[in-house]
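Single-structure report; data block below.
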Amino acid sequence: MKTKKLIWIAMLLLTGVLLAIGVTRSGSPLTQQDRIDSLTSHLACPTCSGESVFVSRAPAAQAIRTEVARQVGAGLRSDDEIISYIEQRFGGQVLLVPRATGLDSLVWSLPVAALIIAISLLVGAFARWSRNKPGAPSAQDEKLVEQALAQVSDDQSKG
Amino acid sequence: MLASAGIIGTIGRALLLVGFVGSVFGAFAAITGVRNNEPRVIRLVSRFAVLAFAAALGAFAVMEYAMITRDFSLAYVQKVGSWSTPALYNFAAVWSALEGSILMWVLILSGYTLAVCFWMRKRMNESLAAWAMAVMMIVLAFFFLVSFFPANPFANGAPGVLDGPGPNPLLQNHILVMFHPPILYLGYVGVTVPFAFAIAALVTGRVGEGWLLATRRWSLFAWGFLTFGIALGSWWSYEVLGWSGVWAWDPVENASLLPWITGTAYIHSVLVQERRGMLRVWNISLLVATFSLTILGTFLTRSGVLNSVHAFSESGIGAWFLSFFAVVLVVSVFLIGWRGDKLRSPGVIDSPLSREAAFLANNVLFAVFAFVVLLGTVFPLIIEALQNRQIAVGAPFFDRLTVPIGIALLTLMSIAPVLPWRKASAETLQTRLFWPAWCGIAALVASLASGAYGLAPLLTFTLGGVSSGAALRQVVLATRRQGFRGLVGRANGGMIVHLGVILIAVALGASNSYSKSQELSLVAGVPATFAGHSFELTDVIEVRDDRSVSVKALVIVDGGKTYEPAITKYTRIGMNVGTPSVKTSLTSDIYLTLEPPVRQDSNTARIKIFIKPMISWLWIGTGLMAIGTFLAAFPGRRRRPTDATSAPVLVANKSA
């Protein structure tokens with residue numbers, strides 16, 4: 001049993017080390033195209049519902065893609081600057097990701113709250129179940145059993 | 001077709017009316033028959049089911065006839081019909097817009113109603129079956145009514161129209177449009193059957209496990225079709241839409257995913273009820289949620305409400321679906337409350353380290369998953385209603401929240417299949433997880449060796465290894481014990497479904513994290529390279545037919561086959577549709593799209609190239625899920641109560 005435990009510890013350590021290697025190394029450096037793709041996937045296509053500029057083939061999305069590519073190619077603006085530039089130029093709500101401020105932040109916090117509530121309900125249920133383990137019959141249960149037994153012995157004595 | 005002007009529409013509407021009356025009478029016969037215990041009345045139910053199905057089939061056939069003969073007296077044919085649409089796509093044009101898809105819903109639902117009726121024909125006198133029929137008939141009546149009033153496919157169109165634009169170009173350039181919608185609907189609508197039995201169980205007070213066992217296969221069947229339909233939709237998206245992805249998190253996709261999530265939670269937690277008699281309220285709630293999410297999803301995607309809260313009132317169908325959704329919820333919640341005392345179960349779950357506890361954790365994760373998808377989908381509506389401004393919630397939001405949920409689910413899939421019911425000890429786990437853990441390490445080493453990086457994908461691959469080890473362990477042990485029977489039945493088929501899910505998770509992890517793309521301006525005869533592959537443009541050609549003009553770029557990839565990404569202009573609609581061309585292999589796909597602007601006469605083309613690793617494994621995983629679902633539908637080996645649970649005792653010598 002001891003050796004098995006040791007093997008388990010070794011396995012966990014090995015996994016941890018391998019994961020650490022994988023997390024610290026990185027892929028090939030980002031190209032301009034990667035930047036364009038990532039920027040356009042965070043921008044909302046103005047004429048679609050819920051699709052990004054990266055996904056949509058609509059002419060409006062096409063126009064924004066071309067503009068983003070031009071900006072990235074020029075290399076003068078940072079990602080945030082390009083987004084605010086697009087926001088000015090094309091107007092309206094262009095960001096596909098809700099902000100983390102004001103009412104919009106609810107979309108981020110509600111799922112976390114839901115998870116916490118769900119987990120605490122689950123924990124509560126387990127606590128309740130471990131308190132009410134069957135095996136400790138209540139006084140009422142015992143009374144019922146006594147009555148039933150009395151009934152049986154009555155029947156037998158009659159029969 | 002002038003001779004039939006007006007007539008065909010009248011016939012179609014008359015059939016819808018007959019279907020409506022038939023299903024109302026069917027529901028009435030079922031309820032009065034079972035309440036007054038009159039077998040003669042109950043026998044009428046199946047006749048009404050036949051009548052409703054015949055009416056729906058007739059209405060659908062009339063619609064197909066009108067579409068095939070291009071009867072432009074109907075507004076719907078004017079909208080989606082055209083002389084230039086090829087026969088197959090013209091056949092599918094019937095379900096290419098709202099009115100026709102509701103008609104298909106009616107047809108499929110009446111088919112299910114008839115099938116359930118036939119299946120229950122000997123037990124129709126039982127109150128559970130009769131009430132379930134009544135619920136199905138009432139839902140069917142609602143859909144007949146929707147098709148008769150707000151989504152009438154047989155409305156007369158403007159006179160004098162001789163040709164139309166045809167269906168949306170995206171719905172007439174890939175054969176999947178024939179299969180994806182009907183299969184998805186078979187799943188979407190099939191959810192009605194277990195829902196009807198759940199409501200019947202509440203009404204009759206027979207809330208034990210009988211109705212669950214009865215509808216097990218129906219739930220599995222609907223779930224399988226829903227899964228397969230969603231997967232076909234992703235395949236269609238990949239092959240047709242030209243953005244190289246399989247899932248865009250748009251509201252229509254989310255509407256099909258929501259019932260799938262709650263349905264998946266249900267087919268897991270139902271096992272706890274079958275085995276331990278627990279979670280009765282929860283399971284009924286999951287079925288109610290699944291069914292009402294199909295209605296809510298239809299409301300969200302078909303009423304136009306998502307474009308703007310204010311578009312809601314423009315289409316009549318929104319109010320119908322919203323009201324029906326409200327009725328379903330109110331009635332179900334009332335019934336659950338009313339039967340509350342009968343639904344309480346005496347059992348307890350002994351240990352957090354047990355099969356049933358794992359199912360509970362699964363349900364918590366799926367519930368949060370469904371909440372995230374629903375919240376993200378309706379959040380723009382909430383903001384618009386409260387603050388009167390437009391926001392968009394898209395893929396980056398869903399990705400950020402669902403990736404951790406997916407990883408948590410994979411963790412659970414690693415441990416849960418090896419957990420025994422009731423209670424596990426740490427030692428059992430250590431022994432049973434030993435080989436699965438090595439599978440995980442092997443997967444991690446293999447992915448590192450092939451250059452993978454980043455926490456989320458590496459965790460996905462590692463857990464994918466552990467969970468496939470856990471699933472294989474179950475299948476291997478079962479087949480060793482029972483031969484080929486170890487592959488069928490719920491637990492074993494379920495593990496094969498798990499293997500499919502794991503392949504899909506790994507493929508998604510790889511393709512989302514390690515895709516590369518580049519736009520290349522190709523000149524004919526001059527090869528270019530990207531990511532170790534060569535691309536050479538040979539020609540740019542133009543292909544015309546009577547509905548479209550396509551420009552195709554002929555590109556030789558890696559000196560081999562020629563691929564033809566194209567942009568097609570559908571002249572009647574004036575819409576440009578790109579068609580990607582994909583070189584598929586088991587390790588990675590090369591996905592080419594032609595980018596505008598295109599000029600046929602020039603010898604140049606702008607081609608966008610995506611290198612997407614492991615995409616084929618999505619489709620292989622889907623196939624495995626389908627096979628597993630099919631195997632799970634067969635009855636597995638059940639232990640007879642009289643069978644010995646220990647090893648048989650060998651009789652040493654008979655003759656002695």
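Atom set for the values below is all heavy atoms of this structure, side chains included, hydrogens, waters and symmetry mates excluded. To find a chain, count down the sequence lines: A is the first, B the second, and so on, and within it residues start at 1.
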**Request:** Report the distance from atom CD of B/E595 to atom CZ of A/R57, rounding to the nearest 0.5 Å.
**Result:** 6.0 Å
**Asked** Is the shortest heavy-atom distance from the side chain of B/K516 to the side chain of A/Q33 under 4.5 Å?
**Response** no
**Message:** Using the ring-ring contact (aromatic ring centres under 6.0 Å, His included) criterion, which residues pair with A/F126? Sequence neighbours excluded.
**Reply:** A/W129
**Asked** Does any heavy atom of chain A fall under 4.5 Å from the side chain of B/T462, the backbone, both, or neither of them?
**Response** side chain
**Item:** Portion of B/L444 that has a non-hydrogen atom of chain A nearer than 4.5 angstrom
**Value:** side chain
**Request:** Report the option among A/D37, A/D34, A/I119, A/L12 that has the most heavy-atom pairs separated by less than 4.5 Å from atoms of chain B.
**Result:** A/D37
**Complete:** Okay, B/F610 and chain A: the region with an atom under 4.5 Å from a heavy atom over there is side chain
**Item:** Heavy-atom contact with chain A under 4.5 Å, split by part of B/A395
**Value:** backbone
**A/R25 side chain near B/L448 side chain, heavy-atom distance below 4.5 Å** = yes
**Asked** So what's closer than 4.5 Å to chain A heavy atoms on B/S237: side chain, backbone, both or neither?
**Response** neither
**Complete:** In terms of heavy-atom contacts, B/W438 and A/I7 come closest through CZ2-CG2, 4.4 Å
**Request:** With a 4.5 angstrom heavy-atom cut-off, could you sort out which part of B/L433 is near chain A: side chain, backbone, both or neither?
**Result:** both
**Message:** Given heavy-atom pairs under 4.5 angstrom as the criterion, report whether the side chain, backbone, both or neither of B/F398 touches chain A.
**Reply:** neither
Using atom types as modelled, flag every donor-acceptor pair under 3.5 Å from a side chain in residues 15-23 of chain A to any protein atom, sequence neighbours excluded.
unit_1, atom_1, unit_2, atom_2, d
A/T15, OG1, A/M11, O, 2.7

**Asked** Would you say A/K4 and B/E427 make side-chain contact, with heavy atoms under 4.5 Å?
**Response** no
**Message:** Do B/N576 and A/Q62 have side chains that approach each other closer than 4.5 Å (heavy atoms only, starting at C-beta)?
**Reply:** no
**Request:** Please look at B/F397 and chain A and tell me whether the side chain, the backbone, both or neither of the residue comes under 4.5 angstrom of a heavy atom of that chain.
**Result:** both
**Request:** Enumerate by number any residue of residues 104-114 of chain A whose heavy atoms lie under 4.5 Å from heavy atoms of chain B; in the absence of such residues, state 'none'.
**Result:** A/D104, A/L106, A/V107, A/W108, A/L110, A/P111, A/A114
**Asked** Is chain A contacted by the side chain of B/A456, its backbone, both, or neither, given a heavy-atom distance below 4.5 Å?
**Response** neither
**Prompt:** Side chain, backbone, both or neither: which part of B/V393 has an atom under 4.5 Å from a heavy atom of chain A?
**Reply:** both
**Request:** Please name all residues satisfying ring-ring contact (aromatic ring centres under 6.0 Å, His included) with B/F530, sequence neighbours left out, ordered by chain then number.
**Result:** none
